[in-house]
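Order of the sequence lines fixes the chain letters, A, B, ..., with proteins taken first and strands second; residue numbering starts at 1 for each chain.
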Amino acid sequence: MTAEKSTSAPLALDRADARVKHEAGLSGAVRAFLDRVRSGDLGSLPVIVGLVVIWTVFTSLNPVFVSSSNLVNLLFDCSTVGVIALGIVCVLMVGEIDLSVGSISGFASAMVGTLWVNQGWPVALAIIAALAFGALIGSLYALLFNRLGMPSFVSTLAGLLAVLGMQLYILGSTGSINLPYGSALVDFGQLMVMPKWVSHTLAAIPGLALLISGLRTFARRRAANLSAPSVTGLILRVVIITVGLELIVAYLNQSRGIPWMFGLFVGLVVAMNYALTRTKWGRSMTAVGGNREAARRAGIKVRAIYLSAFALCSLFAALGGVLAAARLASASQQAGTGDVNLNAIAAAVIGGTSLFGGRGSAYSALLGIIVIQSIASGLTLLDLSSSLRYMITGAVLAIAVIVDSLARRSRASHGRA
Amino acid sequence: MSESPERSASIGELVLSLRGISKNFGAVSALTDIDFDVHAGEVVALVGDNGAGKSTLVKILAGVHQPSSGTIDFRGRAVTLPDPRAALTLGIATVFQDLALCENLDVVANIFLGNELSPLRLDEVAMEMRAWTLLNELSARIPSVREAVASLSGGQRQTVAIARSLLLEPKLILLDEPTAALGVAQTAEVLNLIDRVRARGLGVVMISHNMEDVRAVADRIVVLRLGRNNGVFEPDASNQDLVSAITGASNNAVSRRAERLRMERDHSGNAQAGEQRP
């Protein structure tokens, strides 16, 4: 019906060119989606397909995997590395990399342990100091990159070692500091979950926000004589999202419920998604990642954009370290070492953020870390060693990068960015 | 608000004046001692052979390169152009030869890049409307402004780049090969557009290898050769004079005479070409 209405109305400003196919209505939206996928504009599709495969396999091997309590644990585990992966999305957007996020997260947790437990600082102050340190390290990378032209690959590799050394230094001979159980920080990392009514209310917000903004855009576009997407499709999307989220929340509420820490992570993802897609800063990030010289000639302060990307990445890494310390109730020499670094980078890439810059989304951190933690959790339930976990995660990462490269080539041959 | 009286009063006023501009890239002197003037309401064509320094001069004016020596006066004030933002703020808009578009962004995002409406909550509807208005003024044939620029053809990209230069209501527009990638109709539209821009009292600098286009719109033709000024011509100057200035043959009376004799020998083709020109 919407299709007929729009053809009988006077031609909209953006529909005057007869050569372009414009899909209208619901079936049109589906066709346009299939068209996009075929030409290599995959979006989050590969990661969602991958997630379904992984979950099906693990559930068939051990049904405990999809139990409510295991999934709640999964969400607790996702939040720490997920926040770090969110920072990685920022640097990948501008086509750079930060290899030192693991070290920075480890150092941040060590800082909180030392300042709070050993030196007796208020916990909030210790956290702020750790975050400030993170932002400082990122700014240093940006300085080296902007002024000296040092590739971020090398400067952050140097940072990886240097910051790891600092972590070992401040932890001293004891090697680990236990954070007190019962403190707010540890409770936040291990116990605190949302009351049921809060989680159900929060799950209703995305649909509501989508509905309101969608209707406003619809009205404004119509008023401006631009074509508008169909309202039916919008309402369908709102219903699917709301019902889906409420069902997930209800299922998780059967055991402990949604962790506040995961709520913080999702909140950060949504905020970053807004910043990347709906602000001038985010547009500049995408532009710098796509074509640095063009961005500079358009008057964008390219150096400031790089500074913000590196600083945000390290800031998120430090925050992830603080959350990890809360989750483990300790700050140790092992914090942030091993697979933290690569899990964070792998999460961003598996989630669909391109290694080549200029393409990505904050949601890739969320989706990617759920994939990685699902593998970890499933293999733990099967009582398999970490050796196998590394191999499987490595294979998934390789597949993700292959999909990215192939999709990029396909997009190029189909004339899409 | 202060713009309209300035614009109407300033026809013929000196907008841009370069004196003694030189630019070295290492041991190579791309530009040597260039003097260059643009008045309001005037189209100046910048012609020269490959490597003559045209694009370098445009990049200096756009703030992409900084001159090694020399002064730039813009609207009566001495200015420096340390970066592209400074040039844009002064009112110098540039369409680069390589267009400088971000292929991963859509048409609207490219047109408004660096000048987005409401920075903290991008006003996509208003930007899309303005984008269509600009593109329609250029009689552009862009299928959709929500497609990434990667999916557009060369001519369409050219139009997007020109639309972007007009967004900020500049005082001076620099066009580096604006018609090179365009079809017949779109070339005419761009030339019409240059006429319209001139009528609004803006200064236009146009680089082109197409003498026909240059003659069609230019008020003056400035020739560069090997990084130096090599003469200023009226648009009705003969093709031979122009070509000689561009290639450097005019400096030599003997070569000019030899050229003329050679032309007279196979005069038939050349004479026809001369008559065909409107």
Side-chain angles (χ1 to χ4, degrees), chain A residues 12-22 39 41 93 95 213 216-228 274-275 277-284 286-303 354 356-360 408 411-412 414-417, chain B residues 59 62-64 83-89 94-96 98-133 135-136 140-153 161 164 167-168:
Chain A
L13 200 52
D14 52 347
R15 289 289 187 266
D17 198 320
R19 294 165 304 153
V20 190
K21 275 192 303 184
H22 293 290
S39 65
D41 198 354
M93 280 299 283
S213 74
R216 268 198 49 203
T217 310
F218 182 83
R220 287 201 59 201
R221 289 185 69 92
R222 272 289 146 85
N225 192 24
L226 293 168
S227 68
Y274 179 88
T277 56
R278 305 277 290 132
T279 69
K280 180 174 181 172
W281 173 78
R283 200 47 62 81
S284 304
T286 319
V288 169
N291 187 342
R292 182 186 168 166
E293 185 56 23
R296 189 172 87 89
R297 291 190 192 167
I300 290 173
K301 294 188 180 109
V302 174
R303 285 177 172 174
S354 174
F356 307 104
R359 282 183 73 85
R408 190 176 137 96
R411 283 197 304 273
H414 284 82
R416 287 176 189 266
Chain B
K59 281 181 181 164
V64 174
D83 54 41
R85 159 89 9 208
L88 289 171
T89 319
T94 312
V95 179
F96 292 98
D98 58 4
L99 303 182
L101 299 172
C102 285
E103 299 214 339
N104 57 333
L105 294 177
D106 66 23
V107 174
V108 178
N110 264 294
I111 288 179
F112 280 86
L113 194 59
N115 305 292
E116 288 86 354
L117 302 180
S118 56
L120 291 179
R121 194 164 183 282
L122 296 184
D123 191 345
E124 296 287 353
V125 176
M127 289 200 285
E128 189 168 334
M129 266 181 74
R130 183 91 177 86
W132 276 117
T133 317
L135 291 169
N136 288 345
R141 293 165 62 82
I142 302 281
S144 162
V145 291
R146 287 301 173 193
E147 287 284 331
V149 165
S151 67
L152 299 186
S153 71
R164 177 166 79 181
L167 179 72
L168 290 183

Largest heavy-atom contact set with chain B, pairs under 4.5 Å, which of S284(A), A224(A), A275(A): A224(A)
Spacing of CG belonging to L122(B) relative to OH belonging to Y274(A), to within rounding of 0.5 Å: 7.5 Å
Which portion of N136(B) sits near chain A, non-hydrogen atoms under 4.5 angstrom: side chain
Region of F96(B) in contact with chain A, defined by heavy-atom distances below 4.5 Å: side chain
Proximal component of V145(B), with respect to chain A [non-hydrogen, under 4.5 Å]: neither
Pairs of heavy atoms under 4.5 Å with chain B: top-ranked of T279(A), T217(A), N291(A): T279(A)
Backbone N/O of R121(B) and side chain of R278(A): donor-acceptor pair under 3.5 Å: no
Gap separating the CZ atom of R164(B) from the CG atom of N110(B), nearest 0.5 angstrom: 6.0 Å
Side chain, backbone, both or neither of A109(B) within contact of chain A (heavy atoms, under 4.5 Å): both
Neighbour count above 12 (heavy atom, 6.0 Å) for R146(B) CZ: yes
Pairing of E124(B) and R283(A) as salt bridge, 4.0 angstrom limit: yes
Pair R130(B) + D123(B): basic N to acidic O under 4.0 Å: no
Chain A contact via D98(B) - side chain, backbone, both or neither, heavy atoms under 4.5 Å: side chain
Among the listed options L226(A), I300(A), T277(A), the residue most often paired with chain B at heavy-atom distances under 4.5 Å: L226(A)
Least distance between heavy atoms, V288(A) atom then A295(A) atom: CG2-CB, 3.9 Å
Contacting region of L113(B) [heavy-atom separation from chain A under 4.5 Å]: both
For chain A, the option from L88(B), T133(B), L101(B), V125(B) that forms the most heavy-atom pairs under 4.5 Å: V125(B)
